[in-house]
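Since the structure comes first, as structure tokens, the remarks are kept for the end.
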Amino acid sequence: MTTNPDDEVRVGPPKTSAVGIPAIRRAMQYSVSEMGVTRGAKTLHRLNQTDGFDCPSCAWPDPKAGDRSFAEFCENGAKATAWEATRDRVDREFFATHSVSELREQDSHTLEHHGRLTEPMYLAPGADHYTPITWDDAFAVIADRLRELPSPHRAAFYTSGRASNEAAFVYQLLARRLGTNNLPDCSNMCHESSGTALNETIGVGKGTVDLEDITEHAELIVIVGQNPGTNHPRMLTALEQAKRRGARIVSANPLPEAGLINFKNPQRVRGLIGPGTKISDRSLPVRVNGDLAMFAGVNKALLAREDAAPGTIFDHGFIETYCDGFDEACRAWRGLEWSDLECQSGLTRQEIEDFASDVVAAKSVIVCWAMGITQHRNAVATIREIVNFLLLRGNIGRPGAGPSPIRGHSNVQGDRTMGIWEKMPDAFLDKLRDEFGFEPPRDHGFDTVNTIRAMRDGRIDVFFALGGNFVAATPDTAVTEAAMRNCALTVHVATKLNRSHLCHGREALLLPCLSRTERDRQVSGDQFVSVEDSMSIVHSSQGRLAPGSELLRSEVAIVTGVARELFGEDLGWSEMANDYGVIRRHIEHVVDGFDDYEARVREPGGFTLPRGPHDSRTFATATGKARFTVNEPDAVTVPDGHLVLQTLRSHDQFNTTVYGLDDRYRGIKGGRRVVFVNAEDLAARGLVDGDLVDLVSVWSDGERHAKGFRAVAYETPRGCAATYFPEANVLVPLDSTALGSNTPTSKSLIVRIERSTPAA
Ligand code: SF4
């Protein structure tokens with residue numbers, strides 16, 4: 001271990017295997033320290049079980065009912081659960097003792113570690129302490145401020161991916177009943193690029209793959225821009241199953257991530273004391289932002305082989321029957337230069353040709369991806385090129401084949417299905433009108449980036465967040481925090497304190513809600529909620545723990561409470577709050593695919609939503625066919641002396657929640673201000689591993705600075721670097737977004753790395 005004299009970060013060698021005994025030990029330590037032995041054991045026993053509650057962390061699907069193990073969770077699922085089910089409390093005495101300005105100096109980990117919020121709190125104009133407020137008074141404040149707005153479009157309703165289907169549905173109903181489609185969500189910052197590209201090319205904005213396609217059918221699984229070992233750990237179990245029946249895995253990642261190298265399954269003896277399972281058969285060290293060129297290259301290589309032996313490579317029957325745009329795409333691939341593709345992807349032609357050989361040898365191919373693909377300026381084009389790659393060999397709509405964008409937050413996909421989108425199609429809005437008897441607004445609302453712009457420019461007065469940590473999740477931290485302060489009222493529904501509650505409007509409300517683990521009892525009795533995972537399975541979730549405080553309310557109760565204060569009982573808000581089955585009946589009438597919702601969601605394991613491309617090779621695109629597209633390969637232009645930097649999570653982190661200061665798999669302990677850089681790039685700047693450096697991002701409007709990072713010499717392609725968010729979000733320009741999806745480009749920032757200078 002080397003120790004940096006300037007801070008507590010210790011750096012050791014990165015791991016070459018994920019999970020195993022250390023993961024079990026860490027999960028147990030965490031569970032016991034936050035929940036205690038008995039409460040911890042009881043709670044984890046119900047995590048991801050058919051009669052239990054859904055993991056509040058990622059959206060990886062569960063095995064079928066009957067196939068689940070007694071411990072159907074990973075280290076990070078255990079951490080997320082313990083984090084919410086902690087016995088620590090943040091009560092009125094805490095807020096009386098600690099001012100907002102004092103708390104603002106604390107980091108994200110410390111803030112959330114104080115514990116669960118216990119009662120509604122109010123911050124009056126000019127005050128520096130939150131003080132208790134009753135629920136009725138809190139609802140009255142919100143309703144008054146919303147009524148005073150000269151236009152409903154001066155309010156924005158943000159949703160994090162934790163909200164259940166039921167909460168999300170009543171939330172979008174509240175916004176639209178008010179008269180606005182300003183429904184920014186975390187999806188705008190993660191898989192918006194996937195939704196945009198997939199909707200355009202295959203007519204559905206989601207993946208088309210089931211868990212069994214991975215575990216039982218795929219012959220080749222391609223994993224790009226994704227680090228399952230940290231971000232979707234139980235995916236490793238599925239990949240292990242695939243490997244055991246002979247599937248091949250190709251991964252492309254600028255960092256050699258442990259979970260893509262080897263997996264030690266903690267539920268198998270071989271995983272605990274044996275060598276584990278090798279995951280990637282081929283690892284491609286693609287440059288940051290080089291994935292478009294890589295896929296264009298492999299498509300070009302496949303075309304050359306098809307030209308050499310016509311009818312042997314492409315699935316012409318599929319292409320002719322189901323696709324359009326094939327000839328134009330082929331023309332474009334023929335015109336590409338290998339030298340450009342090599343330079344843009346950072347891969348050699350031979351590496352790409354070898355990848356193409358893997359593809360040709362496989363009868364069925366799945367491509368999985370996550371933020372490493374979606375948060376680039378060319379993200380939509382990259383995903384369209386992935387679709388091209390799949391279409392060429394008919395790898396959509398048959399077992400073991402298809403696109404599989406892996407969602408990061410447990411119900412982010414379901415929230416979008418429920419109507420959390422600033423531009424829901426008219427067909428949805430028509431049904432909403434018919435169901436509730438009011439005319440929903442038709443003008444598109446603000447997405448996340450446009451909400452920040454509007455707040456910054458004084459065009460939003462009321463910002464309401466259903467969960468999440470908006471200022472930590474979003475780009476350009478200084479701009480976003482100032483934008484929040486520009487609002488007249490900020491409202492946060494939350495389980496724990498976070499930085500967004502401390503960057504408030506002139507007035508602020510902090511409304512504590514139940515967590516997934518807790519019992520939700522309403523007038524008609526105990527309630528369950530439902531969620532949708534990454535593979536379009538909708539299932540129930542029901543907590544059983546006693547609520548952390550008698551004053552907590554469910555998200556549904558909070559949203560309908562605001563609505564009732566504003567609109568009376570016009571849409572039957574109390575009925576919905578009293579019995580979530582009423583909400584599900586409305587959903588059944590408004591959202592396609594939810595026929596017989598109540599009965600089907602009560603089935604163990606739930607039900608799968610229809611996906612035309614998967615079910616019947618039907619493509620609801622503009623032409624009714626799957627669409628080949630022409631995507632000019634490019635890569636971000638990096639001026640001399642600069643690097644392209646991606647932000648990423650540590651292993652002790654879920655989105656903006658920081659559970660601890662270690663990143664075990666990358667060899668980091670005790671700190672987060674590190675930047676991973678190729679040793680030769682450090683040397684070229686007169687730097688060595690362990691030096692303290694500052695990061696400077698460059699953009700058309702000037703430079704942004706993040707100071708005091710320990711340089712870590714790391715195996716990554718020349719010209720590339722990586723560091724953790726949310727610390728590095730300060731470097732992401734608000735206006736640097738993906739073409740077509742407006743997703744912040746957090747995975748390809750142009751930066752300089754300089755020897756650290758003391759803060760002015
Ligand atoms: S893989 Fe994801 S959903 Fe499953 S237990 Fe882990 S964090 Fe939770």
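We count ligands from 1, going down the list as the structure has it; atoms in each ligand are counted the same way.
Those atoms of ligand 1 with a heavy atom of Asn48 less than 4.0 angstrom away are 4 (Fe), 5 (S).
Geometrically, Arg602 does not engage Phe528 in a cation-pi contact, judged by NZ or CZ lying under 6.0 Å from the ring centre and within 45° of the ring axis.
Counting non-hydrogen atoms of other residues, nucleotides and ligands closer than 6.0 Å to CD of Glu715 gives a total of 12 or fewer. Atom NZ of Lys243 has more than 12 neighbouring heavy atoms from other residues, nucleotides or ligands inside a 6.0 Å radius.
With Arg666 contributing its side chain and Ala258 its backbone, the two residues share no donor-acceptor pair below 3.5 Å. In this structure a side-chain-to-backbone donor-acceptor pair under 3.5 Å is missing from Asp54 to Arg516.
Around atom 6 (Fe) of ligand 1, protein N, O or S atoms at less than 2.8 Å number 1.
Qualifying salt bridge (Lys or Arg N to Asp or Glu O under 4.0 Å) partners for Arg68, counting only residues two or more places apart in sequence or in other chains: Asp62.
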